[in-house]
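Numbers for residues simply follow the sequence, beginning at 1. Just so it is clear, the structure is predicted and the values come from calculations on it, not from any experiment.
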Amino acid sequence: PAPKVNIDEPETFDLDNGLQVMIVENNKLPRVAMSLRFDNPPHTEGAKAGVSGITGDLLGTGTTNMSKDEFNEKVDFLGARLNFYASGANANTLSKYFPEVLKLMADGIVNPKFTQEEFDKAKARTIDGLKSSEKDVSYNARRVRSALAYGKDHPYGEFSTEETVNAIELADVKSYYSKWFSPKSAYLVIVGDVDEDQVKDLVKKHFSTWKGNAVPEANLPAVSNVEKTEIDFVNMPNAVQSEIALVNTIDLKKKDNDYFPVLVANKILGGGGEARLFLNLREDKGYTYGAYSSVGNDKYASTFVASASVRNEVTDSSVVAFLDEVYKIRNEKVTDRELANAKAKLTGDFVLSLEQPSTIANFAMEIETEDLDDDFYEEYLERIDEVTKEDVQRVAKKYFMADNSRIVIAGKGSDVLENLEKMTYNGKTIPINYYNRFGEKTEKPEAKKVDASVTAEKVFSNYIEAIGGKDAVNDVESVVMKADAEIQGMQLQLEMKRTMDGKMNQSISMGGNVMNKQVFNGESGFVMAQGQKMPYNEEQVETAKADANPFPELSVGDAKVTGMEKVDGKDAYVVEMDGNNKNFYSVETGLKVQSVKTVSQGGQTMTIPTGYSDYQEVEGVKFPFMISQSMGPQSFEFKVSEILINEGVSEEDFKVEME
């Protein structure tokens, strides 16, 4: 039998203004964590959508007691972390500085100074963020998914746009703060090496002056699911993967009897690397890096979502695989082993979470805000252990609504729609609706036709002319390119040497250490990574032959124009170089703006897009000085620092000697 968990209750007290405070003493380390949260009901922002985010951005940019610079200098001097956001604030500090950091947190929340200068900066940052997300397929997929599931008039389906952010004024921020930043709906959680009596005195001293009215009651529109499963397609011409999500709204709260069976059911279906979706779509079929599912338990409205990013060419097959797994867990009982494993994982996760003192405070807050029984977490493991196979199937039928799901797909219509339209499931086609990235219904995207006179030879000729002309290009014997990129705070250096007779040397370094090196002498080559040197296989040799020449457009070969597509919002001719490589050339300028390569490695097939921009002339020939690339979930931009023509290359660079 599962043990009953003994959970210490935090010390709690209330201020007269309504602020509820929870203290968890833990003296193992000389650190303190603080978190201020609001239990506000969801609310729409309408024509001013985005005002909550800007309000959060402005907190901490100075108070009525000190300037922004003075405030930040104090935080930095104390070596603390202090962040403010739309739904509260959090801080981490050494315990000896706790009184000062708590004072700064209180000052930022209670005495904000909203200035026009900082407002203008925050508004500009928000608009820049929206612009940079325009082509982000995952971002747009999530946004449209929520808008369709909940409705755009629901707080969970609403999103900000440039138009709504531009409509926000400083007065709107001040109004939002006064309406929603109230101590009457706030909880302050303090965890760590503190003295309870000292905390009480400090909180009363710094937070008692905070005033605020009761926040408005929730007034939410009802949410509903579709009567019959449908595909909702968002055309993203720049997508090299399809973002797929089966989604339906549910009504599930932590206090419900179904909560624990649903936890177990979701763990089996899509709760990790050993769950059914992952094993099917990644391990068995190699469609994706990972496939998962999640079930919300919000007290107002939630969704069940099963999702993955998959290769364009397997979009329709992935939809079938998702439906297969959802129907299977609805129609058949899970195995004893699956049930036992899911329970063991959930139990392990719960026990590990208890090692964090903040967990105890979170539990206490949830008991208050989620209307849970006082012994909810003490009986947590018992409730998991009680779940049966029958329970799993029952809740799967209730919450995993395979017959009433929206299958939201954001992807490249020209690559995936033809097969999606032909796809059937259980002998029936699934209707397709079309939406733009704002969740507005649109017509089916139609591919632009290319005039028969536009041949690969003509496109290549235009490209050579655009970069400087055939005479200038023919004078090039070798090219050396040096570029830098930043990935997760780390600097990468790329150096690539290529020759017109088809040789290549490419290295990627970090901190002066070569992380990856590839050498090709025109006939054979090797890749060196993590200290291992491996010879090229036949496929890698063919790929290298295509990549080594700086100007493959000088020879048409088997290349052919296969269509016209949008790249960064502008028309581009698509030229298929071979079965695994496509190049895209701007209709307007003739320049190459993108290439897409399909590679197979370790049983996985992935599509790697590379973008080219910021063309600059070097010795009569134009080269892209900005090269962006995506590999699976990672993306990065290389900024070219130097290009050398006919220098910096020797035969030593292309020696291929295997031990």
Quick one: do the [X] and [Y] side chains pair a donor with an acceptor below 3.5 Å?
X      : Y      : value
Asp39  : Thr369 : no
Asn248 : Asn404 : no
Tyr156 : Asp298 : yes
Glu243 : Ser309 : yes
Asp120 : Gln116 : yes
Asn140 : Arg145 : no
Ser185 : Asn40  : yes
Thr63  : Asn111 : no
Asp107 : Asn65  : yes

Determine, for [X] against [Y], whether the closest basic-nitrogen to carboxylate-oxygen distance falls under 4.0 angstrom.
X      : Y      : result
Arg406 : Glu230 : yes
Asp258 : Lys398 : yes
Glu370 : Lys253 : no
Arg394 : Asp391 : yes
Lys121 : Glu118 : yes

Which is it for Val264 and Leu346 under the side-chain contact (heavy atoms from CB on, under 4.5 Å) test, yes or no, and what are the steps along the way? CA-CA 8 Å; Val264 176; Leu346 289 167; 3.8 Å; yes

Arg143 NZ/CZ over Phe159 ring centroid, <6.0 Å and within 45° of normal: yes

Side-chain heavy-atom pair [X], [Y] within 4.5 angstrom cut-off:
X      : Y      : value
Pro99  : Gln198 : yes
Leu58  : Lys68  : no
Ser318 : Leu281 : yes
Gln20  : Thr12  : no
Glu325 : Ser293 : no
Met105 : Leu188 : yes
Arg383 : Asn257 : yes
Leu82  : Leu104 : yes

Between [X] (side chain only) and [Y] (backbone N and O only), is there a donor and an acceptor less than 3.5 Å apart?
X      : Y      : result
Arg81  : Asn92  : no
Asp251 : Ala301 : no
Thr303 : Val305 : no
His206 : Lys204 : no

Rounded to the nearest 0.5 angstrom, the OG1-CD distance for Thr388 and Glu390 is 4.5 Å

Using the ring centroid of each side chain, check whether [X] and [Y] are separated by less than 6.0 Å.
X      : Y      : result
Tyr300 : His154 : no
Phe350 : Phe363 : yes
Phe181 : Phe38  : yes

Is the count of non-hydrogen atoms from other residues, nucleotides or ligands lying under 6.0 Å from [X] atom [atom1] greater than 12?
X      : atom1 : value
Asp16  : CG    : no
Lys113 : NZ    : no
Glu162 : CD    : yes
Asp14  : CG    : yes
Asp128 : CG    : yes
Lys74  : NZ    : no
Asp284 : CG    : yes

Quick one, Glu158 with Glu45, criterion side-chain contact (heavy atoms from CB on, under 4.5 Å). Give me CA distance, side-chain angles, the key distance, then yes/no. CA-CA 8 Å; Glu158 182 183 61; Glu45 298 168 20; 3.8 Å; yes

I need the full list of salt bridge (Lys or Arg N to Asp or Glu O under 4.0 Å) pairs touching residues 331-349, with sequence neighbours left out, sorted by first then second residue. Lys267-Asp349, Glu274-Lys345, Arg276-Glu338, Asp336-Lys389

Nearest heavy-atom pair of [X] and [Y]: which atoms, and what distance?
X      : Y      : result
Asp172 : Glu169 : OD2-N, 2.7 Å
Leu372 : Tyr377 : CD1-CE1, 4.1 Å
Thr288 : Val310 : CB-CG1, 4.0 Å
Leu339 : Val387 : CD2-O, 4.0 Å
Phe98  : Thr93  : CA-CG2, 3.9 Å

Output, in order, the C-alpha distance, side-chain angles, deciding distance and verdict of side-chain hydrogen bond (donor to acceptor under 3.5 Å, both in side chains) for Asp385 and Tyr380. CA-CA 9 Å; Asp385 196 50; Tyr380 194 92; over 6 Å; no

Would Met22 and Met365 count as a side-chain contact (heavy atoms from CB on, under 4.5 Å) here? Give the steps. CA-CA 8 Å; Met22 300 177 183; Met365 182 176 170; 4.1 Å; yes

Check the angle between the aromatic planes of [X] and [Y] and answer parallel, tilted or perpendicular using the 30° and 60° thresholds.
X      : Y      : value
Phe400 : Phe304 : parallel
Trp210 : Phe207 : tilted
Phe114 : Tyr177 : perpendicular

Applying side-chain contact (heavy atoms from CB on, under 4.5 Å), run through Asp232 and Val144 and close with a yes or a no. CA-CA 9 Å; Asp232 295 331; Val144 173; over 6 Å; no

Tyr289/Phe278 under ring-ring contact (aromatic ring centres under 6.0 Å, His included): CA gap, chis, key distance, verdict: CA-CA 9 Å; Tyr289 284 95; Phe278 192 97; over 10 Å; no

